There are 2 protein chains.
Amino acid sequence: MKIGEAAAASGCHLETVRYYERIGLLPKPARTDSGYRSYSEDDVRRLRFVTRGRELGFSLEEIRGLLQLSTDSTLSCSEVDQLARTHLAEIEMRVAELQQMAHELRRTIATCRGGQRAACAILDALWKSTRPGEADAAVQPQQRRRLNVHGHSQN
Amino acid sequence: MKIGEAAAASGCHLETVRYYERIGLLPKPARTDSGYRSYSEDDVRRLRFVTRGRELGFSLEEIRGLLQLSTDSTLSCSEVDQLARTHLAEIEMRVAELQQMAHELRRTIATCRGGQRAACAILDALWKSTRPGEADAAVQPQQRRRLNVHGHSQN
DNA sequence: CTTGACCCTGTAGTCGCTACGGGGTTTACG
DNA sequence: CGTAAACCCCGTAGCGACTACAGGGTCAAG
């Protein structure tokens, strides 16, 4: 199986497969005489494991760990369980954050009367700080969270 | 006001302020004789506009647009409104995706009996593809979405 | 025998920062 | 007045998870 087929079979981008190999997430596959990568069914299964993990939002490092846990027979299931639970908690936190953002945005949009720029409620909301107290809280600076919304589709 | 104070006053990292300047999101500030950046109240307001926009999940390019819209008096509020609505829709989509992920993870975790690795339901779920049909859908490859969970706190 | 689809390597770009190295300046304390 | 700590400067490189491109090689069909 050549790389293009393997990529299609696992639902990820061809160049991503090479990327996963480069960072050591996938083993180096066999090669044809002309140097083409040649994937076995097992290779494809492993690749699907990775893409499936990504779909569930695991980082590549987490997936690396999961792969190790699932091939090292001395380790128990509880570590996997722990990783999954921690990960779930992160997702839930992230959902809550995004919902907060959505809530504020909806509120702001609702105030907009569609009039002139000078009276735009959305821009106003951005020009004003949420909690006016924190402007002079020069004591403890950067403890703020950053949130990616752009999460980020290819296509 | 020096850069450290400006950063604290707007709640963002000092180096981020320089970064925003470098990419042209903030105007180049005045300088002291010794070359230190010196920020006015207006500069700080603009910086807060940016950080507030980031908190609402706007990209820096979107914020650049919002800043332009809010200083160009010939443009109406409706473009701002449109941007905000589009952005809100993206956030909502993202929330739905994350909730789907959380749902699947919860389901998978619940199946885990805490036994031996060989019987780990979580790893099993990763080794199996969700919809078995798509493995041989070699026709249309990469139309899959990528989702960042790690969204991404500093500190 | 040529065309086009596929494959190769290596490198650079994306986004939104963050961190570092190697300096200069300012300020508070003794 | 000296000096140490705290601040600032610039430039560049790193992060994660890809994606894209340049400049080639290979292979099957017509």
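Reminder, nothing fancy here: chain letters follow the sequence lines and each chain counts from 1. Note that the structure is a prediction, hence the values are computed from the model and not measured.
Nearest heavy-atom pair, Ile91(B) versus Leu98(A), reported as atom, atom and distance to 0.1 Å: CG2-O, 3.6 Å. Contact detail for Pro27(A) and Arg46(A): the closest heavy-atom pair is CD-NE, 3.4 Å. Scanning all heavy atoms of the two residues, the minimum distance from Leu67(B) to Leu25(B) falls at CD1-O, 4.0 Å.
In this structure, Arg37(B) reaches the dC9(D) phosphate: one of its side-chain N or O atoms is under 4.0 Å from OP1 or OP2. In this structure, Arg22(B) does not reach the dC15(C) phosphate: none of its side-chain N or O atoms is under 4.0 Å from OP1 or OP2. Within the 4.0 Å cut-off from OP1 or OP2 of dC18(D), at least one side-chain nitrogen or oxygen of Tyr20(A) is found.
In the model, Asp81(A) has no side-chain atom that pairs as donor or acceptor with a side-chain atom of Ser78(A) under 3.5 Å.
Look at CD on Glu90(A): it is 14 Å from C1' on dG16(D), rounded to the nearest Å. Atom CD1 of Ile23(A) and atom P of dT19(D) are 13 Å apart (whole Å). With rounding to whole Å, Leu14(B) atom CG is found 20 Å from dG16(C) atom P. Regarding Glu55(B), its CD atom lies at a distance of 11 Å from the P atom of dC17(C), rounded to whole Å. The distance between atom OH of Tyr19(A) and atom P of dC7(C), rounded to the nearest whole Å, is 21 Å. The CD-P distance, from Glu62(A) to dG16(D), rounds to 12 Å in whole Å. The CD1 atom of Ile63(A) sits 13 Å away from the P atom of dG16(D) (whole-angstrom rounding).
Salt-bridge annotation for Glu61(A) and Arg64(A): present, with a side-chain N of the basic residue lying under 4.0 Å from a carboxylate O of the acidic one.
A donor and an acceptor atom sit less than 3.5 Å apart, one in the side chain of Glu15(B) and one in the base of dC20(C).
Using a 4.0 Å heavy-atom cutoff across all strands shown, Arg18(A) reaches at least one base atom of the nucleic acid. Backbone-only contact: Ile3(B) has heavy atoms under 4.0 Å from sugar-phosphate atoms and none from a base.
Sorted by residue number, the members of residues 25-36 of chain B with any non-hydrogen atom under 4.0 Å from DNA chain C read Ser34(B), Tyr36(B).
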Take Arg18(B) and Glu21(B), measure what salt bridge (charged side-chain N to carboxylate O under 4.0 Å, His left out) needs, and give me the verdict at the end. CA-CA 5 Å; Arg18(B) 285 200 278 252; Glu21(B) 178 187 335; over 6 Å; no
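Going from atom NZ of Lys128(A) over to atom CZ of Arg52(B) covers 11.0 Å, rounded to the nearest 0.5 Å.
Of the two residues contacting DNA chain C, namely Glu61(B) and Lys2(B), the nearest-nucleotide position lying further toward the 5' end is that of Glu61(B).
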